[in-house]
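Quick note: numbers below take in every heavy atom, side chains included, and nothing from hydrogens, waters or symmetry partners. Both counts, for ligands and for their atoms, begin at 1 and track the order of listing.
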Amino acid sequence: MLFSQDIGIDLGTANTLVCVRNKGIVIREPSVVAVDVKANPVKVVAVGEEAKQMIGRTPGSITTLRPLKEGVIANFEMTADMLREFIKKAMRGSPFSRARVMICIPSGVTEVERRAVHDAAKSAGARYVSLIEEPMAAAIGAGLPVAEAVGSMIADIGGGTAEVAVIALGDIVTANSAKVAGDSFDDAIVQYIKRKYNLLIGERTAEEIKISIGSAAPYEGEGAMDIKGRNLVDGLPKNVEITSEDIREALSDPVNQIVETIRLTLEKTPPELASDIMDSGITLTGGGALLRGIDKLIADATGMPVHIAENPLDCVVTGTAICLEKDNLNIGRRLK
Ligand code: ADP
Ligand code: MG
């Protein structure tokens, strides 16, 4: 049976994506909320792009935060508020009362937090809510043969977490989740530039540097970039030029932790499935898959072929859409 209002949601630590049946991806916004801390209880005043725009431009009582970043329960109420707003926005103009919603959340969250997400979608008017684990959704969205009797390996490198899993016969066989991903890359860049150049930069600048000249392995046409920050010695603004090589050195620690997580998962994989992965390789999804050379580095470190999925930032939400289309809502059953 087809439901015109099926909605798939990737509730990521960095970005939330929403797709609506027959419309494709309708929301792609940062997982950010702006809250009025003077209100009691604390009130969410804006979400997503709108909240991000408010950073630094708001009266003192309003602050912005990423409710999923740390995954703590206090912020899960804000996560629920954010989710409700995104659903409302995605459904603008259409009645939502019969919709089925499939939501993908980071696998580290607790049972109570899952319940909070589930209830938020219900209270937004969903008729049926199902949750799916991130690596499963990512693997389906990347087009891996998850239902078949062969092993597939997925490594989803997001903002807050990297999730690695081996999947066969529609189930997760082995999995590991590490709290090392895109945010850790940004932090590592901040720390490195502080140490090496006595220069203080913000997280957003660090992310820009990572995206413009960052890499995990040497690449052709490496770049350099002028950055501005605050000199830690005299407190004045200062300019320095940094290179791709600098950033590679800065990122080597967190990148190696991700490689370790992949190695650990491979070690726990039964031999038959491991030999499948030798053939089919490891598929990378999530924004972290876009870090230059990360595929090459993982391939060198593990001896496995590594592929970057097409549109790695969209795989999870696409995975939820495919499940809804196939009426395969039980694949997320493990979360209930
Ligand atoms: P999540 O699923 O946790 O919301 P995403 O899969 O949306 O995370 O990925 C967000 C992360 O990807 C951020 O840390 C962002 O900086 C990083 N990212 C996005 N584009 C690139 C790029 N071109 N190179 C390196 N990192 C990137
Ligand atoms: Mg994600």
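Hydrophobic cluster membership is shared by L65 and V117, with clusters built from Ile, Leu, Val, Met, Phe, Trp and Tyr side chains linked at under 4.5 angstrom.
Looking from atom 13 (C) of ligand 1 to the surrounding protein, the closest heavy atom is E207 OE2, 3.9 Å. Looking only at heavy atoms of the protein, atom 3 (O) of ligand 1 is closest to T13 OG1, 2.6 Å. Of the protein's heavy atoms, L290 CB, 3.4 Å lies nearest to atom 22 (C) of ligand 1. In terms of protein heavy-atom proximity, atom 8 (O) of ligand 1 is closest to G159 N, 3.0 Å.
The N, O or S atom of E134 lying closest to the Mg ion (ligand 2) is OE2.
Listed by atom number, the atoms of ligand 1 under 4.0 Å from N15 heavy atoms are 4 (O), 5 (P), 7 (O), 10 (C). If you number the atoms of ligand 1 from 1 as listed, the ones under 4.0 Å from a heavy atom of G286 come out as 6 (O). The ligand atoms of ligand 1 that sit less than 4.0 angstrom from a heavy atom of A14 are 1 (P), 3 (O), 4 (O), 8 (O), 10 (C). The contact set between ligand 1 and E134, taken as ligand atoms under 4.0 Å from a residue heavy atom, comprises 2 (O). Each of the following atoms of ligand 1 lies closer than 4.0 Å to a heavy atom of L313: 5 (P), 6 (O), 7 (O), 9 (O). Near G288, the atoms of ligand 1 lying under 4.0 angstrom from a non-hydrogen atom of the residue are 12 (O).
Among G158, C315, P30, the residue whose heavy atom lies nearest to atom 11 (C) of ligand 1 is G158.
For R28 and D314, the salt-bridge test passes: some basic side-chain N is under 4.0 Å from an acidic carboxylate O. With respect to the salt-bridge test (charged N to carboxylate O, under 4.0 angstrom), the residues K122 and D119 do not qualify. Electrostatic pairing of K89 and E29 counts as a salt bridge here, judged by a charged N lying under 4.0 Å from a carboxylate O. Classification of D6 and R100 as a salt-bridged pair holds, one side-chain N sitting under 4.0 Å from a carboxylate O.
A cation-pi arrangement, defined by a distance under 6.0 Å to the six-membered ring centre and an angle within 45 degrees of its axis, is present between R292 and Y219.
A side-chain donor-acceptor contact under 3.5 Å links H307 to the backbone of S280.
Below 3.5 Å of separation, one finds an N or O of K210 facing an N or O of ligand 1. Backbone and side-chain nitrogen or oxygen atoms of D156 are examined, and none is located within less than 3.5 angstrom of a nitrogen or oxygen of ligand 1. Backbone and side-chain nitrogen or oxygen atoms of G287 are examined, and one is located within less than 3.5 angstrom of a nitrogen or oxygen of ligand 1.
Under the 3.5 Å distance criterion, with hydrogens and angles disregarded, no donor-acceptor pair is assigned to the side chains of R263 and T302.
The salt bridge (charged side-chain N to carboxylate O under 4.0 Å, His left out) test with D183 singles out one residue from K210, K69, R66, and that residue is R66.
Within the model, atoms CD1 of I157 and OG1 of T285 stand 8.0 Å from one another, a figure rounded to the nearest 0.5 Å.
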